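Here the structure comes first, spelled out in structure tokens, and everything after it is commentary.
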Amino acid sequence: MSLMLYNTIKREKEAFVPIRPGHIGMYVCGVTVYDYCHVGHARVMIVFDVIYRWLMHSGFDVDYVRNFTDVDDKIIKRAAERGIAIDALTNEMIDAFHADADALGCLRPTHEPRATAHMDAMISMIQALMEKDMAYVSESGDVLYAVRGFSDYGQLSGKKIDELESGSRVDVDQSKRDPLDFVLWKMAKADEPAWASPWGQGRPGWHIECSAMSCGHLGDTFDIHGGGMDLKFPHHENEIAQARAANGGGFARYWLHNGFVNINAEKMSKSLGNFFTIREVTERYHPEVLRMFMLGTHYRSPLDFSDAALDVAKSGLDRLYKTAKRCQESGVTGAGGQALLPHHFTTAMDDDFNTPEALAVLFDTSRALNKGLNEAQDVTALAGQFTAMSALLGIVQQDTAIWFQSGDVDAAAIEALIEERLQARKNRDFARADAIRNELSAQGIVLEDSASGTTWKKN
RNA sequence: GGCAGGGUGGCUCAGUGGUACGGCGGAGGACUGCAAAUCCUUUAUUCGCGAGUUCGAUUCUCGCCCCUGCCUCCA
């Protein structure tokens, strides 16, 4: 079976066929760097990281581009509030972004372009639109895109221009020819950052940067464009309008959109204030737990965020780590030779990246491994599958001992008590042995006796 | 109002025209000095409601109810 993708623009799953055999150009909308990332951003990072890994595993040479929007109203405002330079703010937030993404186990994209480094490309794209009469300068001096001139407008989001209730929620700018027209180039006020352009000092609109940077890195027509569901309209719709009108290319062929992270069935968002930053969560849970949590639901479905849900993800991950630990202790590496993935795992991932089903296969393999280990069978092949699947999903990547024993505990003291308990047990002083177990238990340390000795873990 | 996506066991999450995957939790058993872990068994006559198509529908069609999102910045 070949790779099937749900293409938003077609509203159905279809077989993936790359433009150039063996190669994939993929652009994913990144973030506006004015604040720390929240769990919703984490979902985009993780979802597309798994997609990136799977595409590479499938034999493609993937050019993965993810941008940073580093010029924007919110950035200007935040920098002013904090009394720091814009560069200082954006650099700080880009560093924080990388720290978060790295912690979540996400591979770096092949390119991470910054909007401010691509002004020429944006300006020439706007120029092309002006020449084709697809853009105009409004009374305020801003350059606007003329939506009515693009017949395919609304194709991605399934919206019809005349059915959109423009102005129902926001006052319509009277200088626009059509309420849906959007800014390509914004005139700068006195103390705002500005770049020279044929239309005066100003800065680019939000949408144009993605059109310019994606086409700039991947060409006028490329394979995959992704992002959060909320970017479908108007952002992605506008990107299509700009890029196709400016350069005549087809722009992205496959559109992938991930679902939201919700809290109490409501979208997590800055405006509602119901968000948690990635760093807030990873202070309480290992980043891999967050990753496990994300993988448990299909990427297009909504995902309800809660501590209870993270606890469940952690329990499941612990189970996998136990298997990994047992393999290690038994000297089964699973490495060596080409590890074959279970067929079911491959079909699940090929079917629009069905990670919940892929996880089910991983758990099945985990059980088979445990059983094989119990019965002293040769589990090398199973261990190889287990390792390969884990690596593709980016989980069970930590040292197993550290996974179970991390935290502020005095390992030496625990080991000493374990030794004392061992002696007590040898002397059949079970009262003392149990007292030690209880004492450690009170500290959240669980002892596990086995044929090969006693191990401990943090509960 | 328009458009999009949902409603599956205690919770969660897949899936299929022939009575439903996995995880968490629960129950029983093996094992253990006791535990823990692990393994085994078990935990939805049923997939929002009603009708239709069909030999047969949770899966297809129609209608209805409910939920969420987008239509403004938003991953």
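Quick caveat: nothing in here was measured; it's all calculated off a predicted structure. To find a chain, count down the sequence lines: A is the first, B the second, and so on, and within it residues start at 1.
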Where the side chain of [X] is concerned, which of [options] is the nearest nucleotide?
| X | options | result |
| --- | --- | --- |
| Lys159(A) | A14(B), C34(B), C3(B) | C3(B) |
| Tyr6(A) | G5(B), G69(B), C71(B) | G5(B) |
| Arg437(A) | C24(B), C13(B), C34(B) | C34(B) |
| Lys232(A) | A75(B), A4(B), G23(B) | A4(B) |
| Arg319(A) | G23(B), A75(B), G33(B) | G23(B) |
| Lys371(A) | U38(B), C73(B), C40(B) | C40(B) |
| Phe260(A) | C24(B), C39(B), C70(B) | C70(B) |

_Test: Asp49(A) and Arg66(A) ion pair at under 4.0 Å_ = no

*Flag the pair Asp72(A) and Arg203(A) as a salt bridge only when some basic side-chain nitrogen lies within less than 4.0 angstrom of an acidic carboxylate oxygen.*
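No, this pair does not count.
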
Look at all strands and tell whether [X] reaches a base, only sugar-phosphate, or nothing, counting heavy atoms closer than 4.0 Å.
| X | value |
| --- | --- |
| Asp72(A) | nothing |
| Met45(A) | nothing |
| Leu231(A) | sugar-phosphate |
| His298(A) | sugar-phosphate |
| Asn258(A) | base |
| Val261(A) | base |
| Gly154(A) | nothing |
| Arg66(A) | nothing |
| Ser301(A) | sugar-phosphate |
| Thr455(A) | nothing |
| Tyr321(A) | nothing |
| Gly296(A) | sugar-phosphate |

Could you tell me whether the phosphate oxygens of [N], OP1 or OP2, come under 4.0 Å of any side-chain nitrogen or oxygen in [X]?
| X | N | answer |
| --- | --- | --- |
| Thr323(A) | A37(B) | no |
| Arg425(A) | A35(B) | no |
| Arg367(A) | G23(B) | yes |
| Arg300(A) | A4(B) | no |
| Asn370(A) | C39(B) | yes |
| Lys325(A) | A37(B) | no |

Which whole number of Å gives the distance between the [atom1] atom of [N] and that of [M]?
| N | M | atom1 | result |
| --- | --- | --- | --- |
| C24(B) | C70(B) | C1' | 33 Å |
| C71(B) | C55(B) | C1' | 46 Å |
| G29(B) | C21(B) | P | 25 Å |
| G9(B) | G1(B) | P | 29 Å |
| A57(B) | A20(B) | C1' | 13 Å |
| U45(B) | C40(B) | C1' | 25 Å |
| G15(B) | G6(B) | P | 10 Å |
| C31(B) | G25(B) | P | 23 Å |

Between atom [atom1] in [X] and atom [atom2] in [N], what is the gap in whole Å?
| X | N | atom1 | atom2 | result |
| --- | --- | --- | --- | --- |
| Lys322(A) | G23(B) | NZ | C1' | 13 Å |
| Glu357(A) | A14(B) | CD | P | 10 Å |
| Met389(A) | G23(B) | CE | P | 13 Å |
| Asn262(A) | G69(B) | CG | P | 7 Å |
| Phe305(A) | A75(B) | CZ | P | 17 Å |
| Glu439(A) | A35(B) | CD | P | 21 Å |
| Phe363(A) | U38(B) | CZ | P | 11 Å |
| Leu180(A) | C3(B) | CG | P | 17 Å |

So which nucleotide does [N] pair with, by the Watson-Crick or G-U wobble rule with both distances under 3.5 Å?
| N | value |
| --- | --- |
| C64(B) | G48(B) |
| C70(B) | G2(B) |
| G33(B) | none |

*Find the distance between OG (Ser330(A)) and NZ (Lys325(A)) and round it off to the nearest 0.5 Å.*
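It is 11.0 Å, given to the nearest 0.5 Å.
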
_Separation between CG of Leu369(A) and CG of Leu362(A), rounded to the nearest 0.5 Å_ = 9.5 Å

Compare every heavy atom of [Y] with every heavy atom of [X], then report the nearest pair and how far apart it is.
| X | Y | value |
| --- | --- | --- |
| Pro287(A) | Ala103(A) | CB-O, 3.1 Å |
| Val28(A) | Tyr64(A) | CG2-CE1, 3.7 Å |
| Ala212(A) | Met122(A) | CB-CG, 3.6 Å |

_Distance-only donor-acceptor test, Asp434(A) side-chain atoms vs G33(B) base atoms, 3.5 Å_ =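 Donor-acceptor pair under 3.5 Å: yes.
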
*I would like to know whether Asn238(A) and Tyr153(A) meet side chain to side chain donor-acceptor pair (under 3.5 Å); could you show each step before the answer?*
CA-CA 8 Å; Asn238(A) 291 351; Tyr153(A) 196 78; 2.5 Å; yes

_Return whichever of Leu447(A) or Val361(A) has its heavy-atom-nearest nucleotide of RNA chain B closer to the 5' end._
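That would be Val361(A).
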
*Are more than 12 heavy atoms from other residues, nucleotides or ligands located less than 6.0 Å from atom CZ of Arg428(A)?*
no

